[in-house]
There are 2 protein chains.
Amino acid sequence: MNAPITEHLAYLLAQANREINRQLELRLSKEGVPVEQWRILKVLSDGDGHSMGELADAVLLNHPTLTKMIDRMVSDTLVYRVQDPNDRRKVLMFISDRGKVLCKKLNSLAVDQEEHILESYGDKPTSELKRLLESLIDSSN
Amino acid sequence: MNAPITEHLAYLLAQANREINRQLELRLSKEGVPVEQWRILKVLSDGDGHSMGELADAVLLNHPTLTKMIDRMVSDTLVYRVQDPNDRRKVLMFISDRGKVLCKKLNSLAVDQEEHILESYGDKPTSELKRLLESLIDSSN
DNA sequence: TTGAAAATATTGAATATTCAAGAATTGAAG
DNA sequence: CTTCAATTCTTGAATATTCAATATTTTCAA
């Protein structure tokens, strides 16, 4: 017989991702915000304008999904669109003041989670895991 | 400023998972099968009957999604349902002969991928990463 | 300079997922 | 034994995601 599915890297990643994501979702739900929106706010919180393509890459969403999520966030006045003056094909996304306030709250919820992981999983394993994940991602490009 | 999103464990996991999953998807698409169906076949390939609840846990899908995916797989005669004689609330899923044949092909495609990762990423980092992921998952329960 | 190809974002239809409710069966307390 | 709560799975409606097509702008070669 072949190796069981629980030994495949793809499966272990999916499982770990699912679990950690579930925990984070649970915390962010206190503010009624999906994980993807937190990512968007966090990327935009540098105050710069980011094009949709750039954003889609950064927040791990494909274009149409991002467009529709941004539509919602614009309705909620968390972010706003500006046409890029240098390339009018592009739309630059900016975070609003309301978005910044929300983002701060979300950050602290996310930090709570990271601290919880550090406690139960350990300091060294966590940083070692992060290092390995980064290098796996690098080696996949 | 807060830590950038790229330093959060949740983000790194999502990114790595997305990338590895994308690669696996690409291989399995040669047989026109989504990753989740491969997982289902693999779990069932022990020949035992598995209840829907058990399966849903194992393949990281929630109940209704699994039910509908199983409906498709039953249509394709890859698996079949049998009512559990000991507990008639339960449905036991079995893999068919056709399912077994397909599963073998998929396994070798998946093994290809694992080997590709081992080559580009290295033998030791891979097993170390797997170990850390397993223990993260453990510590989250 | 013009026109074709590439890049960027959005839209709408098709598909898939999720949530909440329902049906069937079992378990267990009174 | 009966009844009520819990377990298991499925269904249908609401929601979200994806694919393919479209519109707009830019790039670049002829």
Side-chain angles (χ1 to χ4, degrees), chain A residues 14-15 17-19 21-26 28-29 32-40 43-44 48-76 78-94, chain B residues 14-15 17-19 21-26 28-29 32-40 43-44 48-76 78-94:
Chain A
Q15 199 182 359
N17 179 52
R18 185 180 160 91
E19 179 57 27
N21 204 60
R22 198 190 55 76
Q23 287 174 19
L24 181 56
E25 214 164 44
L26 198 68
L28 299 189
S29 72
V33 176
V35 175
E36 290 77 13
Q37 289 198 14
W38 171 59
R39 289 199 198 125
I40 292 170
V43 170
L44 296 186
D48 298 344
H50 294 262
S51 75
M52 292 296 280
E54 210 184 320
L55 248 190
D57 279 353
V59 304
L60 315 176
L61 248 36
N62 49 19
H63 275 216
T65 306
L66 179 63
T67 292
K68 285 155 192 172
M69 182 160 285
I70 288 287
D71 286 347
R72 288 191 284 273
M73 294 176 78
V74 169
S75 297
D76 295 342
L78 297 171
V79 300
Y80 57 94
R81 288 182 233 246
V82 175
Q83 198 175 60
D84 185 338
N86 297 119
D87 184 341
R88 286 176 5 231
R89 290 170 301 183
K90 295 187 186 174
V91 171
L92 297 180
M93 298 304 313
F94 290 88
Chain B
Q15 200 181 358
N17 178 52
R18 185 180 160 91
E19 179 58 27
N21 205 60
R22 199 190 55 77
Q23 287 174 20
L24 181 56
E25 215 165 44
L26 198 68
L28 299 188
S29 72
V33 175
V35 175
E36 289 78 13
Q37 288 197 16
W38 171 59
R39 289 199 198 125
I40 291 169
V43 169
L44 296 185
D48 299 343
H50 294 262
S51 74
M52 291 296 280
E54 211 183 319
L55 248 191
D57 279 353
V59 304
L60 315 176
L61 248 35
N62 49 20
H63 276 216
T65 306
L66 179 63
T67 292
K68 285 154 193 173
M69 183 159 284
I70 289 286
D71 286 347
R72 289 191 284 274
M73 294 176 78
V74 168
S75 298
D76 296 341
L78 298 171
V79 299
Y80 57 94
R81 289 182 232 246
V82 175
Q83 196 174 62
D84 186 336
N86 296 119
D87 183 341
R88 282 169 16 224
R89 289 169 301 181
K90 294 187 186 175
V91 172
L92 297 181
M93 297 304 313
F94 289 90

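Chain identifiers are assigned alphabetically (A, B, ...) following the order of the sequence lines, protein sequences preceding nucleic acid strands; residue numbering begins at 1 within each chain.
Heavy-atom nearest nucleotides on DNA chain D were determined for A/Asp84 and for B/Leu92, and the one closer to the 5' end corresponds to B/Leu92.
Between B/Arg22 and B/Glu25 there is no salt bridge, since none of the side-chain N atoms of the basic residue sits less than 4.0 Å from a carboxylate O of the acidic one.
Between A/Leu66 atom CG and D/dT18 atom C1' there is a gap of 14 Å when expressed in whole angstrom units. One atom, CE of B/Met93, and another, C1' of D/dT10, lie 13 Å apart when rounded to the nearest Å. The distance from atom CD of B/Glu54 to atom C1' of D/dC9 is 14 Å, rounded to the nearest whole Å. Separating the CZ atom of A/Arg88 from the P atom of C/dA6 is a distance of 22 Å, rounded to the nearest angstrom. One interatomic measurement links the two molecules: CG of B/Asn62 to P of D/dC9, which rounds to 14 Å at whole-angstrom precision. The separation between B/Asp87 atom CG and C/dA28 atom C1' is 15 Å, rounded to whole Å. With rounding to whole Å, B/Met69 atom CE is found 16 Å from D/dT10 atom C1'. Across the protein-nucleic acid pair, B/Gln83 atom CD and C/dT25 atom P stand 7 Å apart, rounded to whole Å.
Side-chain N or O atoms of B/Ser29 include none that pairs as donor or acceptor with a backbone N or O of B/Gly32 at under 3.5 Å. Under the 3.5 Å distance criterion, the side-chain polar atoms of B/Thr67 are matched with a main-chain donor or acceptor of B/His63. No donor-acceptor distance shorter than 3.5 angstrom exists from the side chain of A/Arg88 to the backbone of A/Gln83, with no hydrogens or angles considered.
Neither OP1 nor OP2 of D/dT15 sits under 4.0 Å from any side-chain N or O of A/Arg72. Between A/Ser51 and C/dA9 there is a side-chain polar atom (N or O) within less than 4.0 angstrom of OP1 or OP2.
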Strictly under 3.5 Å: I want the nitrogen or oxygen pairs between protein and nucleotides 11-13 of chain C, one per line.
| unit_1 | atom_1 | unit_2 | atom_2 | d |
| --- | --- | --- | --- | --- |
| C/dG12 | O6 | A/Lys68 | NZ | 2.8 |

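Closest to the side chain of A/Arg89, from the set C/dT17, D/dC9, D/dT24, is D/dT24. With distances taken from any side-chain atom of A/Met52 to the nucleotides C/dT10, D/dA16, C/dT26, the minimum falls on C/dT10.
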Trace of the side chain to side chain donor-acceptor pair (under 3.5 Å) decision for A/Glu19 with A/Gln23: CA-CA 6 Å; A/Glu19 179 57 27; A/Gln23 287 174 19; 3.1 Å; yes
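Taking each heavy atom of B/Val33 and B/Trp38 in turn, the nearest pair found is CG1-N, 4.0 Å.
Sorted by first and then second residue, the pairs that involve residues 63-72 of chain B and meet salt bridge (charged side-chain N to carboxylate O under 4.0 Å, His left out), not counting sequence neighbours, are B/Asp71-B/Arg81.
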